[in-house]
Amino acid sequence: MKSCENVKDNLLSYLYDLLEPEETKEIKKHLKKCKNCREELKKLLKIRIILENTPYDEPKNQLEYILNKAKQIEQKRFFTNFYKLIFFSNLIKILKKNLKLKVLIVLLICIIFSIVGTLYFSFIKNSYLYVLKSYGNVKVNNKIIDFKSNVKYNLKDKINISILNGECILQIDNDKLILLKDNTHIILYSKKDININLTKGFLIGKVIKAKNKKSLIISSGNAVFKVIGTIFFVKKVENLTELGVKEGTVKSIFNNEEFFVTKNEKIKIRGNNIFLTKVLSKKEKGVLNIIKEYNLINRFDKTKKVYIKTSPKQCEVYFRNIYLGKSPLFFLTDERMNNYFLIKKEGFVGKEFALNKNEKDYVIDIALKKGAHFSINWKLKLKNKIFTNPFYIDNFIILSDSIGFIYKIDCQNKKILWKFKASRRIDSIPLYLNGILYITSNDGYLYAIDFEKGKLKWKVKVGTLVYSSPQYYNKNLYLCNNTGKIYCVNIKKGKILWNKKFAKGFFASPLIYNGNLYIGGLRGNFYSINLKSKKINWVFKTRNRIVGSNPLIKNNLIFFGSNDRYLYALDLETGNLKWKFLTNDAIFTSPLLMQNSVIITTIKGTVYSITIDNGSLNWKFDTRRKILITPYIIDNRYICVGTKDNIYILNKWGILYAKFKLLFNGFTVCDNKNLLLCGKDKYLYSLNLNFITGGEQK
Amino acid sequence: MNKDEYKNLSDIKIIEKFIEKKDDKIFEEIYKRYNKRIYSYMKRFLFYLSEDIIQELLNDVFIKVYLNLSSLKNFNTFKRWLYQIAHNICIDYLKSQQYRSAEHYNFDYMIDRRIDIEKDYMEKELRKFVFQEISKLNDDVREIIILKFYHSLTYEEISDITNIPIPTLKYKLKEALTTLNRKLKAEGFINEKL
């Protein structure tokens with residue numbers, strides 16, 4: 001028997017027939033005996049009665065509507081069935097009567113299928129490439145093709161096509177036309193979809209039958225794209241690939257992303273970024289619409305619309321990601337580069353270019369990068385090779401060659417005014433004061449030369465090897481030599497006032513500030529020397545020697561680089577370390593100042609920009625070539641870096657926008673316009689850098 | 001023939017006659033017999049939809065019945081078949097629409113208007129409370145309760161209509177009922193004397 005509690009638990013399911021038959025019997029037995037349980041059951045019954053006795057709701061009577069609609073649908077069904085019946089039943093009846101017809105029809109169907117099948121399969125198995133027209137040097141599989149040739153190739157094998165000069169029109173299976181132009185190298189693979197691997201050059205193609213979904217697969221560099229469209233072109237210049245499609249779809253095989261292009265849109269792919277742009281029609285003059293930008297690797301996708309009110313005839317868009325504070329900026333310029341627009345990341349609102357100085361730099365940079373070039377102003381032949389940097393003073397150039405001759409050259413007339421013979425070559429920067437030139441030579445002498453006539457005023461022996469250039473302070477000249485001595489020389493008569501040994505050797509130029517002389521020594525110590533008392537104020541120790549890096553002073557801080565790969569910033573008065581910055585290699589060049597940041601280069605070839613306040617990195621640029629000459633800063637905006645055989649021009653954000661391949665030993669920049677180069681062919685060149693300052697272009 | 005002639009016939013014979021003649025009057029009889037049931041089933045199952053939509057759904061059900069009645073093989077299962085059509089149409093509608101949760105709706109809507117005539121206040125309140133609790137349940141469980149109690153179908157029929165096997169159906173029903181019972185006890189409806 002079951003207890004009362006057990007029964008009470010199961011009463012509910014008993015009431016609603018949820019129990020198994022054996023259990024229901026037991027509960028029935030229990031209920032006959034137990035009063036409490038019966039009352040409990042009555043209470044529960046109440047809910048059941050309420051639930052079951054609820055009347056139904058009444059809907060609106062819409063019988064007519066239902067009947068009408070049902071009959072309409074029935075009629076439609078009837079007609080479709082009727083047509084089916086007529087056609088099929090007649091055929092079946094006829095076939096049943098005539099056996100001959102039956103056989104004939106079966107035979108006909110078989111023949112049609114076989115013909116269609118053979119045709120279909122033959123087309124798929126063998127796809128052919130036709131060379132319709134060609135002129136110039138066109139090579140297919142290393143064989144030169146004649147003019148106006150019509151050659152057929154089976155696409156079973158790889159086909160290499162390279163065009164050095166001229167054009168070539170290809171056709172694949174009567175469907176696709178491809179136009180190849182100068183300097184293209186492509187490889188075709190045969191599959192159902194035809195693969196084109198473009199290694200270099202420019203390619204225009206046309207796919208006529210887009211419905212068949214036979215597509216061209218174009219791969220160039222990282223990006224592989226499947227193009228199902230009508231007209232497309234591919235351009236490859238170095239690492240950048242551009243793919244333009246009019247009408248159709250582009251599918252990137254990298255991650256199966258598809259982009260649809262309609263009639264008025266254009267797709268452009270640069271590197272891993274995809275841009276969908278709207279083509280300008282005549283009515284929409286001056287309205288430019290960037291619809292979508294998509295990054296394939298970072299998957300950073302933004303749909304945005306930009307409207308700009310101008311009326312340029314042709315609006316060309318230069319897209320460029322500049323990562324400044326992690327926000328990409330885009331710039332638009334028109335063809336003549338008169339109007340500039342800046343589109344910021346937030347909101348993507350088109351804004352007429354406000355001509356802030358900072359922002360103007362961006363635009364000019366980007367606009368000119370494409371057409372950066374230089375022109376040679378003049379050149380002058382010299383007798384001997386030149387290994388040093390030229391020195392520029394007011395339209396005159398001071399040069400010293402490998403033997404020890406010092407020249408003065410007039411920039412306007414391109415003539416040598418005078419030459420002066422020192423016994424050995426000169427490596428230091430000369431000092432020009434009141435019409436007199438002070439030069440230290442490797443023979444250990446300090447020369448004072450009259451600037452106009454080139455005659456010697458006086459000379460003084462200051463050691464055996466002097467790399468440092470003289471510094472003027474308080475009517476005296478100060479310089480240091482390789483033995484670690486500091487000399488003080490009278491400027492008028494050239495007499496040595498005093499000399500004192502401070503370190504093992506000095507291979508850099510000193511700097512004098514507020515009566516103190518600052519210099520780094522061969523053992524890695526950096527000195528601050530009081531010139532009146534001739535005593536050391538403080539010494540700072542680095543881990544390796546300091547060679548070639550002249551100090552720089554700004555904001556009560558002194559900057560210098562050492563061979564232990566660090567750039568140091570010390571307090572001027574106490575010599576305490578403010579900060580230090582670790583670079584990737586030894587520093588041989590001196591630091592430069594540019595708008596609240598220090599520019600430093602290392603031997604490995606990287607250019608660093610470091611903020612003065614924190615010592616944190618702004619940007620860095622890797623040239624991957626040795627840098628031994630300190631760079632020049634042009635107009636406080638550009639950095640001119642010379643490596644062994646290249647000249648790089650960076651802007652203040654560390655973005656390269658011009659690079660020239662030149663063979664030279666030394667260079668300077670004069671008047672922010674011209675680049676003076678000492679070429680390896682004994683020539684002195686003057687190059688025009690007008691494009692930097694925004695002058696007229698040729 | 002008079003209208004009254006059809007009234008006394010059973011379901012099976014009416015359907016047979018309809019398939020023979022395709023008379024509108026016979027269909028009217030079928031419509032009148034099942035019209036209210038299906039409407040109230042749909043209205044309680046999808047109580048959060050507006051009346052107009054349910055009316056449209058009801059029309060769809062009877063259009064389907066008119067067109068497909070001839071394909072019904074066993075006339076004994078006509079009632080089940082009708083509910084199946086209604087169920088399928090409801091589910092299709094829910095799939096097409098992203099229906100919202102039941103929280104935002106007034107439950108007064110659920111109460112039949114004729115209840116107001118009844119004098120017993122307690123019963124009225126109890127009814128209202130039960131409707132509220134039912135409407136808070138999930139769609140599938142609510143449908144089972146509605147079919148079982150309002151329309152007094154058997155478990156086999158319900159499992160045919162909703163495509164849920166009988167044991168799971170029973171389990172779901174039991175769980176729902178126990179929770180309902182517990183809530184009724186907590187509100188004090190059950191301890192009242194009859």
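Protein chains get the first letters and strands the later ones, always in sequence-line order, with residue 1 at the start of each.
- Residues of residues 83-90 of chain B never come within less than 4.5 angstrom of chain A, heavy atom to heavy atom.
- The number of heavy atoms from other shown groups lying within 6.0 Å of CD (B:E16) is above 12.
- Contact check for A:I73 versus B:Y66: no side-chain heavy atoms found under the 4.5 Å cut-off.
- Contacts between A:L67 and chain B at a heavy-atom distance below 4.5 Å involve the side chain alone, from C-beta outward.
- Looking only at side-chain heavy atoms (C-beta outward), B:L67 and A:R77 come within less than 4.5 Å of each other.
- Closest heavy-atom contact between A:K60 and B:Q55: O-NE2, 3.1 Å.
- Two residues are said to be in side-chain contact when any heavy atoms from C-beta on lie closer than 4.5 Å; A:E64 and B:D24 fail this criterion.
- The greatest number of non-hydrogen atom pairs below 4.5 Å with chain A, out of B:Y171, B:Y31, B:Y155, is found for B:Y31.
- Under the 4.0 Å criterion applied to side-chain N and carboxylate O atoms, B:D60 and A:K69 are not assigned as salt-bridge partners.
- For B:Y41, no part lies under 4.5 angstrom from a heavy atom of chain A.
- Contact check for B:F62 versus A:L63: no side-chain heavy atoms found under the 4.5 Å cut-off.
- Options B:N59, B:N35, B:I38 differ in how many heavy-atom pairs under 4.5 Å they form with chain A, and the most are formed by B:N59.
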